[in-house]
2 protein chains.
Amino acid sequence: MSESKTYSIRDLSLEYDITPRTLRFYEDKGLLSPLRRGTQRIYDRRDKGRLALILRGKRLGFSLAEIRNWLDLYDVRDGQVAQARMLLDASEDRMQALLSQREELNQTIEELKAQMQQVEGWLDEQGLAAEAAD
Amino acid sequence: MSESKTYSIRDLSLEYDITPRTLRFYEDKGLLSPLRRGTQRIYDRRDKGRLALILRGKRLGFSLAEIRNWLDLYDVRDGQVAQARMLLDASEDRMQALLSQREELNQTIEELKAQMQQVEGWLDEQGLAAEAAD
DNA sequence: TCCGCACTTGACGTTTACGTCAACGTAACA
DNA sequence: TGTTACGTTGACGTAAACGTCAAGTGCGGA
């Protein structure tokens with residue numbers, strides 16, 4: 001039973017709410033490379049995983065070019081030690097980028113929180129003033 | 001002494017490492033509206049603050065259109081209570097977006113960390129095997 | 001007064017990330 | 001055996017975010 005689950009282009013486009021065009025575009029850019037059954041694309045579990053990574057990368061604001069460079073970091077490979085070292089180095093670079101993005105995100109969140117509290121405080125004052133006017 | 005600090009287009013482009021073209025583009029899109037001294041743009045402290053927010057928004061992956069909608073949330077305004085309520089509602093929406101982005105970012109970080117540990121583990125095994133071969 | 005340099009406004013070009021046809025193949029189903 | 005649905009490959013279109021000229025304006029210094 002090596003009946004591994006596979007997906008048509010429509011399956012994936014429905015599940016992830018993207019168009020088939022998008023999937024073909026990602027393939028064209030070297031982000032995906034599904035098998036073919038005749039002329040038709042047939043995606044497997046690995047393709048699906050990569051697609052999920054791609055879409056999350058996009059939501060985090062990375063370009064397809066950056067994402068393509070990083071996708072391999074998630075492929076467990078059977079390379080040599082030297083390859084593994086380079087992989088680790090690249091991973092550390094990406095980790096740094098992610099951490100600094102988290103820093104900026106945290107700052108943005110804190111600042112917005114402060115702004116909101118300020119407006120809330122002002123609203124409370126107005127409420128109290130209205131009460132006092134009774 | 002209301003000598004508030006101001007900046008030329010070049011000042012800001014150098015400080016934030018963007019081109020003057022970019023600053024004019026942002027103005028065209030309604031993100032900035034510096035004063036004019038004759039025909040020249042003259043940016044003040046508030047403009048500079050907005051620019052910093054714009055650039056951070058970009059680094060976090062938001063479009064200029066989104067950023068424009070959110071910039072006003074950071075302007076302390078002298079509006080009515082109804083205005084303040086709408087402001088708070090909009091702020092909460094944005095806060096939700098930021099929090100869920102942080103969630104995705106954290107997941108990405110955790111997954112990459114796991115991958116890295118896996119590769120490190122493999123490297124250690126190789127090291128031990130080499131030692132044992134002595 | 002003239003030079004040079006920074007600034008200005010168009011206008012068109014470019015890259016990224018797809019959308020949108022057109023024209024065709026194929027596979028299942030009544 | 002049609003026809004209906006889904007799939008394919010081009011080819012061209014488009015929105016966002018600028019880059020890159022071109023041609024003119026204004027101003028402080030020799």
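The chains referred to below are lettered A, B, ... by the order of the sequence lines, with proteins before strands, and numbering in each begins at 1.
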Hydrophobic cluster partners of Ile42(B) (side-chain heavy atoms under 4.5 Å):
Leu35(B)

Proximity to DNA chain D (any heavy atom under 4.0 Å), residues of residues 26-47 of chain A only
Arg36(A), Thr39(A), Gln40(A), Arg41(A)

With Thr108(A) via side chain to side chain donor-acceptor pair (under 3.5 Å) - residues at least two apart:
Arg56(B)

Could you tell me the separation between the CZ atom of Arg10(B) and the C1' atom of dC7(C), rounded to a whole number of Å?
9 Å

Produce the list of close N/O pairs, under 3.5 Å, pairing protein atoms with atoms of nucleotides 19-22 of chain D; give distances to one decimal.
unit_1, atom_1, unit_2, atom_2, d
dG19(D), OP2, Thr19(B), OG1, 2.6
dG19(D), OP2, Thr22(B), OG1, 3.3
dG19(D), N7, Arg21(B), NE, 3.2
dG19(D), O6, Arg21(B), NH2, 3.1
dT20(D), O4, Arg21(B), NE, 3.1

Select base, sugar-phosphate, or nothing to describe what Arg24(B) touches, counting heavy atoms under 4.0 Å on all strands.
base

Can you run down the salt bridge (charged side-chain N to carboxylate O under 4.0 Å, His left out) pairs that involve residues 84-109 of chain A, sequence neighbours left out, and say none if there aren't any?
Glu104(A)-Arg59(B)

For Ser63(A), what residues pass the side chain to side chain donor-acceptor pair (under 3.5 Å) criterion, not counting sequence neighbours?
Glu66(A)

Where along residues 50-72 of chain A does a heavy atom come under 4.0 Å from DNA chain D, residue by residue in number order?
none

For Thr22(A), the side chain to side chain donor-acceptor pair (under 3.5 Å) test, sequence neighbours excluded, returns Thr19(A)

Selection residues 92-127 of chain B - residue pairs positive for ring pair (Phe, Tyr, Trp, His ring centres under 6.0 Å), sequence neighbours left out
none

Beyond-backbone contact of Leu60(A) with Leu60(B), side-chain heavy atoms, under 4.5 angstrom
no

Who pairs with Glu27(A) by side chain to side chain donor-acceptor pair (under 3.5 Å), at least two apart in sequence or on another chain?
Arg36(A), Arg41(A)

Not counting sequence neighbours, list each pair that qualifies as a ring pair (Phe, Tyr, Trp, His ring centres under 6.0 Å) and has a residue in residues 43-68 of chain B.
Phe62(B)-Trp70(B)

Going by atom type alone, with no hydrogens or angles, which donor-acceptor pairs under 3.5 Å involve a side-chain atom of residues 46-53 of chain A and a protein atom two or more places apart or on another chain?
unit_1, atom_1, unit_2, atom_2, d
Arg46(A), NE, Asp75(A), OD1, 3.3
Arg46(A), NH2, Asp75(A), OD2, 3.1
Asp47(A), OD2, Asp44(A), N, 3.0
Lys48(A), NZ, Glu15(A), OE2, 3.1
Arg50(A), NE, Leu31(A), O, 3.3
Arg50(A), NH1, Asp75(A), OD2, 2.7
Arg50(A), NH2, Leu31(A), O, 3.4

